[in-house]
Amino acid sequence: MSGSPSVDAVVVGAGFSGLYQLYRFRELGLSTRVLEAGSGVGGTWWWNRYPGARCDVESYAYSYSFSKDLEQDWTWSEKYPTQPEIQRYAQHVAERFDLLRDITFDTRVESAVWSDERHRWTVTTDAGETVDCRYLVFATGCLSISKGPEVPGVENFRGPTYHTAHWPEGGVDFTGKRIAVIGTGSSGIQSIPIMAAQASDTVVFQRTACFSMPAGNRPLTEDEVVEQKASYTTFRQAQRESGFGVPIALPTKSALEVSDEERAERYEAAWAEGNLVAVLASYTDTLTNRDANDTASEFVRSKIRETVKDPEVAELLSPRSFPYGTKRPCLDTGYYETFNKDNVRLVDIRRTPIVEITRDGVRTSDAEYAVDAIVFATGFDAMTGALARVDIRGRAGARLAEKWNEGPRAYLGVAVSGFPNMFTITGPGSPSVMSNMMVSIEQHVDWVTDCVRWTREQGALAIEASEAAQDDWVRHVEEVANGTLFPTADSWYMGSNVPGKPRVFMAYLAGVGVYRQHCDDVARQGYTGFTTALPTPAS
Ligand code: NA7
């Protein structure tokens with residue numbers, strides 16, 4: 001397109017995917033431009049600055065593996081890293097590898113249009129700039145488009161409102177304030193204890209109780225840091241071959257074949273680990289057999305009852321509507337204990353739904369709660385939200401949003417039929433949110449980089465997933481999911497948290513090790529399931 005800046009590749013997003021993709025494309029010799037809506041690097045970690053925001057994968061596991069020097073030079077301070085520390089890490093990586101000069105901040109991509117004639121994409125931003133490129137990588141993250149509470153009247157509220165997913169940079173002081181918090185997923189569970197410690201009154205509006213366990217967070221000792229740094233090589237290999245991207249001893253028994261005593265002992269030990277997957281991974285069938293799952297669910301509920309003094313509140317906080325693990329479990333620091341405070345109330349909005357936000361607060365079907373501030377911890381339009389918001393048009397002008405009307409369809413979760421030279425890092429149909437994102441991000445970026453290298457070596461102008469390969473993959477992803485309890489839950493994995501979103505399980509559940517094998521096989525066999533476009537005299 002004449003007049004538009006032209007580069008080999010545009011990467012959308014400067015989170016951990018975008019940063020690493022820029023690094024790898026540069027190695028390949030591609031001129032690359034990264035366009036980022038935020039004012040700094042870090043992606044989801046740039047925006048999610050709510051009090052208590054913390055990763056619930058351990059710090060040394062939630063870090064890049066591509067640079068041995070980086071691994072050795074960077075020292076994590078806590079078992080679970082806080083948002084500010086992760087943000088500093090992202091900034092350090094960007095500076096260390098001189099990435100910032102190719103990133104344009106405060107710029108949102110609005111559209112991307114493929115030209116069948118030129119085999120190139122034209123990307124348009126909200127600043128009205130167009131950029132012309134051969135390859136287009138969406139590194140837009142799985143949890144980057146927030147969603148609200150879907151109740152009328154927010155604009156009538158006279159106090160401030162906040163969303164956990166885009167918290168003010170300077171923080172918020174709730175000292176002496178009466179606050180309402182809507183939403184009890186990870187963000188609510190992490191932030192409520194801290195906000196409630198400041199506020200004079202806290203009212204928590206809960207639609208679905210979540211399973212949470214104590215994180216057992218603590219500073220890392222010097223010895224631990226030394227040991228972690230010494231073991232990175234073997235640890236990384238184990239991560240890549242694991243199920244969730246977090247090495248863990250694999251169970252060998254069914255939860256139903258052991259005695260009650262043995263099971264209780266095992267769950268207690270897993271609980272004490274303060275690890276997101278420890279209870280889930282105690283037995284082979286927790287996520288596939290409802291009776292087996294019930295034993296884990298009931299164990300966590302017993303912990304809630306032990307902690308929460310008021311039996312009615314404990315029961316309200318006890319999930320009953322879905323099997324343990326089929327909605328994202330949480331790690332917390334003092335969440336259930338918070339409900340023992342006199343100035344913290346829990347409102348069950350399944351029983352008494354929120355009717356509206358009023359001038360003074362939140363009105364449910366049976367009461368009005370006057371507050372000074374409202375916090376929406378209502379989550380995200382996950383997995384597809386960021387892609388659906390860009391007007392992406394592929395071959396013959398086909399729109400991605402329309403093609404995905406009935407649910408996302410992608411080959412290996414990384415490429416979409418009809419959208420040549422376009423890649424989605426940790427896209428729907430890949431392990432993505434069912435894994436340690438760092439492991440999945442690096443694997444996807446490495447694979448995309450190799451795919452682009454191969455395409456260029458073939459002298460091809462474009463590479464595209466075939467419809468047949470995509471259909472097979474989508475079917476396979478669905479079959480794997482249907483062999484588990486996941487589709488039985490209303491979760492954001494299923495799109496159920498967003499009104500009108502198709503109900504489809506969006507992640508690949510066979511594990512990052514198995515998935516990597518699939519991707520490597522496709523590459524080794526000459527990118528089976530892909531077609532290439534070779535130059536013609538007119539190209
Ligand atoms: P989540 O986990 O999606 O949690 C959002 C919470 O907000 C959850 O309790 C929702 O209830 C609730 N919610 C959502 N919409 C509404 C409306 N309209 N009314 C009332 N309550 C609502 O998002 P988070 O930000 O906490 O965490 C996202 C991920 O980040 C997390 O899973 C980790 O991977 C890290 P619901 O359960 O939908 O009934």
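In listed order, ligands and their atoms are each counted from 1. The analysis underlying the following values was restricted to heavy atoms, covering all of them including side chains, and did not include hydrogens, waters or symmetry mates. Position 1 is the first residue of the sequence; numbering continues from there.
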(Q) Looking only at the side chains, is there a donor atom on one of Y50 and Q190 sitting less than 3.5 Å from an acceptor on the other? (A) yes

Q. Heavy-atom distance under 4.5 Å between the side chains of T488 and F322, does that happen here?
A. no

Q) Which atoms of ligand 1 sit under 4.0 Å from any heavy atom of I349? A) 20 (C)

Q) Would you say the side chain of Y493 lies within less than 4.5 Å of the side chain of R328, judging by non-hydrogen atoms? A) yes

(Q) If the contact criterion is a heavy-atom separation under 4.0 Å, does Q190 count as touching ligand 1? (A) no

Q | Which residue and heavy atom of the protein sit nearest atom 10 (C) of ligand 1, plus the separation | A | R207 NH2, 4.4 Å

Q: Name the closest protein heavy atom to atom 3 (O) of ligand 1, giving the residue it belongs to and the distance to 0.1 Å.
A: W492 CD1, 3.3 Å

Q.
Looking only at protein heavy atoms, which one is nearest to atom 23 (O) of ligand 1, and what is the separation?
A. G379 CA, 3.2 Å

**Q.** Verdict with supporting geometry, I103 and L22, side-chain contact (heavy atoms from CB on, under 4.5 Å)
**A.** CA-CA 9 Å; I103 306 174; L22 170 58; 4.1 Å; yes

Q) Looking only at protein heavy atoms, which one is nearest to atom 34 (O) of ligand 1, and how far off is it? A) R328 NE, 3.2 Å

Q: Take E85 and S77, measure what side chain to side chain donor-acceptor pair (under 3.5 Å) needs, and give me the verdict at the end.
A: CA-CA 8 Å; E85 191 168 25; S77 67; 3.1 Å; yes

Q. Just wondering, are more than 12 heavy atoms of other shown residues or ligands nearer than 6.0 Å to CD in E406?
A. no

Q | Nitrogen or oxygen atoms of K327 and ligand 1 under 3.5 Å apart | A | yes

Q) Which of the atoms of ligand 1 are close to F380, meaning less than 4.0 Å from one of its heavy atoms? A) 25 (O), 28 (C)

Q: Ignoring hydrogens, just give me the one of S187, P319, P353 whose non-hydrogen atom is nearest atom 27 (O) of ligand 1.
A: S187

Q | L331, D490, T208, V151: member with heavy atom nearest to atom 39 (O) of ligand 1 | A | T208

**Q.** Atom indices of ligand 1 within 4.0 angstrom of I182 heavy atoms, with elements
**A.** 20 (C), 21 (N)

Q: Using a strict cut-off of 4.0 Å, indicate which atoms of ligand 1 neighbour a heavy atom of R350.
A: 39 (O)

**Q.** Protein residue, atom and distance nearest to atom 19 (N) of ligand 1, heavy-atom basis
**A.** P149 O, 3.7 Å

Q | For atom 4 (O) of ligand 1, the protein heavy atom that lies nearest, with its residue and separation | A | G185 CA, 3.4 Å

Q. Does an N or O from A377, backbone or side chain, lie closer than 3.5 Å to an N or O of ligand 1?
A. yes

Q. Is there a donor-acceptor pair under 3.5 Å between the side chain of R49 and the backbone N or O of T164?
A. no

(Q) Any donor-acceptor pair under 3.5 Å linking the side-chain atoms of Y267 with those of T295? (A) yes

Q: Could you tell me whether the side chain of N217 and the main chain of Y80 form a donor-acceptor pair under 3.5 Å?
A: yes

Q: Verify the distance criterion only: is there a donor paired with an acceptor across the side chains of T208 and R350 at less than 3.5 Å?
A: yes

Q) Looking only at protein heavy atoms, which one is nearest to atom 15 (N) of ligand 1, and how far off is it? A) K147 NZ, 2.6 Å

Q: Give yes if a backbone or side-chain nitrogen or oxygen of G183 is under 3.5 Å from a nitrogen or oxygen of ligand 1, and no if not.
A: no

Q.
Between R305 and E298, does any side-chain N to carboxylate O distance fall below 4.0 Å?
A. yes

Q.
Could you identify the single nearest non-hydrogen protein atom to atom 9 (O) of ligand 1 and state the distance to 0.1 Å?
A. T184 N, 2.9 Å

Q. Between S186 and ligand 1, is there a nitrogen or oxygen pair with a distance under 3.5 Å?
A. yes

Q: Heavy-atom contacts with L143 under 4.0 Å: which atoms of ligand 1 show up? List them by number with element.
A: 29 (C), 30 (O), 34 (O)

Q | Side-chain donor or acceptor of N497 paired with backbone N/O of F380 under 3.5 Å | A | yes

